[in-house]
Number of protein chains: 2
Amino acid sequence: MRMPATPNHLDQTLLALADPTRRAILQRLSAGEVRVTELAQPFAMSLNAVSKHIRVLERAHLVHRRREGREHLLSFTPKPMDDVARWMDAQRANWSARLQALDDLLQEEDRVLASAPPPKKGRTR
Amino acid sequence: MRMPATPNHLDQTLLALADPTRRAILQRLSAGEVRVTELAQPFAMSLNAVSKHIRVLERAHLVHRRREGREHLLSFTPKPMDDVARWMDAQRANWSARLQALDDLLQEEDRVLASAPPPKKGRTR
DNA sequence: TTGATATTCAACCCAGAGGTTGAATGATGC
DNA sequence: GCATCATTCAACCTCTGGGTTGAATATCAA
């Protein structure tokens, strides 16, 4: 499927989060601003690779870049994760609503059975 | 980056969620079990394509398949999303902890300034 | 200026995602 | 048995993701 012409925010956020390197970067940034080179240092990959990861995070608005001379200072921007949280909450609300409905149904069934006159030779179950 | 030899659960869950078709599938399934063909019907793509999406969701343990004769009944399994929620919560906890620390620092600074001997021409605030 | 440092840009590689079509498998119903 | 229905398997295509290396750009420092 050619990804929809307009990949929405959830797509980009979730895609950005679906990589351990990028999650590590966010973790690091949640402790405060870091320069690109400093950020890349602990990773077992080229600076360029990290630079690309950063761009993905920026595209998802999870990271903000502040230029100061030749240094680029990166910081974490949590807002997009709220959208993810909201989607997941809605999803799980649906799910539990359905389970609750099922449960209610079963209880109603039991109630009806219990109030039925007991047959001579036992229940039909 | 050759994805790490062992893609962890978060990777697979987030990757599975990072596609609108798959999110739509989950949404549909959260209302209850559905057959593959029935599930695929509203999508503007082949049955095979949907079948592949289902496999991605199964790999992430977001969907469970129950065979009944020739029909495969799919259902939503929310557990992996809990892990995502936990990771995001931890992430945001870090973030706010750091903001709080920053805030404390600023307040401490203010306190120190406030307790300094008042300059001749009044408080700095 | 010149040289070092911080960062990106550009070109390339390869594996995998998402899609297609056509054939295979397996249950159902006559 | 035979046709049909539900589903996957297999092969293929194209695009993108994540990585590399090497060159370009911009700032700092001398």
Side-chain angles (χ1 to χ4, degrees), chain A residues 1-26 28-29 33-60 62-75, chain B residues 1-26 28-29 33-60 62-75:
Chain A
M1 184 196 298
R2 217 46 45 248
M3 265 295 93
T6 65
N8 68 36
H9 283 194
L10 269 186
D11 288 349
Q12 300 203 148
T13 305
L14 287 164
L15 197 76
L17 292 177
D19 178 288
T21 302
R22 289 193 290 263
R23 286 198 303 278
I25 289 178
L26 289 185
R28 179 85 189 281
L29 290 185
E33 277 188 335
V34 186
R35 288 187 310 122
V36 171
T37 317
E38 193 181 348
L39 183 63
Q41 193 271 322
F43 292 104
M45 71 184 69
S46 74
L47 176 64
N48 265 348
V50 174
S51 181
K52 280 192 178 184
H53 280 300
I54 294 170
R55 252 192 311 156
V56 173
L57 290 167
E58 277 186 294
R59 188 178 61 184
L62 283 163
V63 157
H64 175 252
R65 180 192 305 258
R66 180 168 75 82
R67 250 147 289 225
E68 188 161 293
R70 62 182 160 181
E71 306 184 342
H72 296 205
L73 299 184
L74 306 169
S75 53
Chain B
M1 185 194 301
R2 218 45 45 251
M3 264 295 93
T6 65
N8 69 37
H9 283 192
L10 270 184
D11 288 349
Q12 302 203 148
T13 305
L14 288 164
L15 197 77
L17 293 177
D19 179 288
T21 303
R22 289 193 290 263
R23 286 199 303 279
I25 289 178
L26 288 186
R28 179 83 189 281
L29 289 185
E33 277 189 335
V34 185
R35 289 187 307 123
V36 172
T37 317
E38 193 181 348
L39 183 64
Q41 194 270 323
F43 292 102
M45 71 184 70
S46 75
L47 176 62
N48 266 348
V50 174
S51 181
K52 281 190 179 187
H53 280 299
I54 294 169
R55 251 193 310 157
V56 173
L57 290 167
E58 277 185 296
R59 190 179 59 183
L62 282 163
V63 156
H64 175 252
R65 181 193 303 259
R66 180 169 74 83
R67 251 147 288 227
E68 189 161 292
R70 63 183 159 180
E71 306 184 342
H72 296 205
L73 300 184
L74 306 168
S75 54

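In what follows, chains are A, B, ... by sequence order, proteins preceding strands, each numbered from 1.
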Student: What nucleotide, of D:dT20, D:dG17, C:dT8, holds the atom closest to the side chain of A:A49?
Tutor: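 Closest of the options to the side chain of A:A49: D:dT20.
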
Student: Provide the closest heavy-atom pair for B:V34 versus B:L39 in the form atom of the first, atom of the second, distance.
Tutor: CG1-N, 3.7 Å

Student: If you only use heavy atoms from C-beta on, which nucleotide in C:dT8, D:dT8, C:dA6 is closest to the side chain of B:V36?
Tutor: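 Among the listed nucleotides, the one closest to the side chain of B:V36 is D:dT8.
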
Student: Closest nucleotide of DNA chain D for A:A44 versus for A:G69: which of these residues is on the 5' side?
Tutor: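 Looking at DNA chain D, the more 5' nearest nucleotide goes with A:A44.
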
Student: Round to the nearest Å and state the distance from A:L39 atom CG to C:dT8 atom P.
Tutor: 11 Å

Student: Name the closest nucleotide to the A:S46 side chain, picking from D:dT21, D:dT8, C:dT20.
Tutor: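 Nearest listed nucleotide: D:dT21.
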
Student: Closest to the B:H53 side chain: D:dG17, C:dT8, C:dG18?
Tutor: C:dG18

Student: May I ask you to evaluate whether A:H72 reaches the phosphate of C:dA6, defined as a side-chain N or O under 4.0 Å from OP1 or OP2?
Tutor: no

Student: Is there a donor and acceptor pair, one atom on the side chain of A:R70 and one on the base of C:dT5, closer than 3.5 Å?
Tutor: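 Flag set: donor-acceptor pair detected.
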
Student: What is the distance, rounded to the nearest whole Å, between atom CE of A:M45 and atom P of C:dC14?
Tutor: 19 Å

Student: Among A:R66, A:H72, A:R70, find the residue that satisfies the side-chain hydrogen bond (donor to acceptor under 3.5 Å, both in side chains) test when tested with A:E68.
Tutor: A:R66

Student: Any idea which heavy atoms bring B:L17 and B:R23 closest together, and the distance?
Tutor: O-NH1, 2.8 Å

Student: For DNA chain C, whose closest nucleotide is more 5', that of B:K52 or that of A:E38?
Tutor: A:E38

Student: What I want to check is whether an N or O donor and acceptor connect the side chain of B:N48 with the base of C:dG22 at under 3.5 Å.
Tutor: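 Donor-acceptor pair under 3.5 Å: yes.
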
Student: Answer with base, sugar-phosphate or nothing: what part of the nucleic acid does B:R22 contact at a heavy-atom distance below 4.0 Å?
Tutor: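 Here B:R22 touches the backbone only, sparing every base.
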
Student: When you measure from the side-chain N and O atoms of B:R55 to the phosphate of D:dT8, is any distance below 4.0 Å, counting only OP1 and OP2?
Tutor: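 The answer is no; no side-chain N or O of B:R55 sits under 4.0 Å from OP1 or OP2.
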
Student: So do B:E33 and B:L74 actually touch side chain to side chain, heavy atoms under 4.5 Å?
Tutor: no

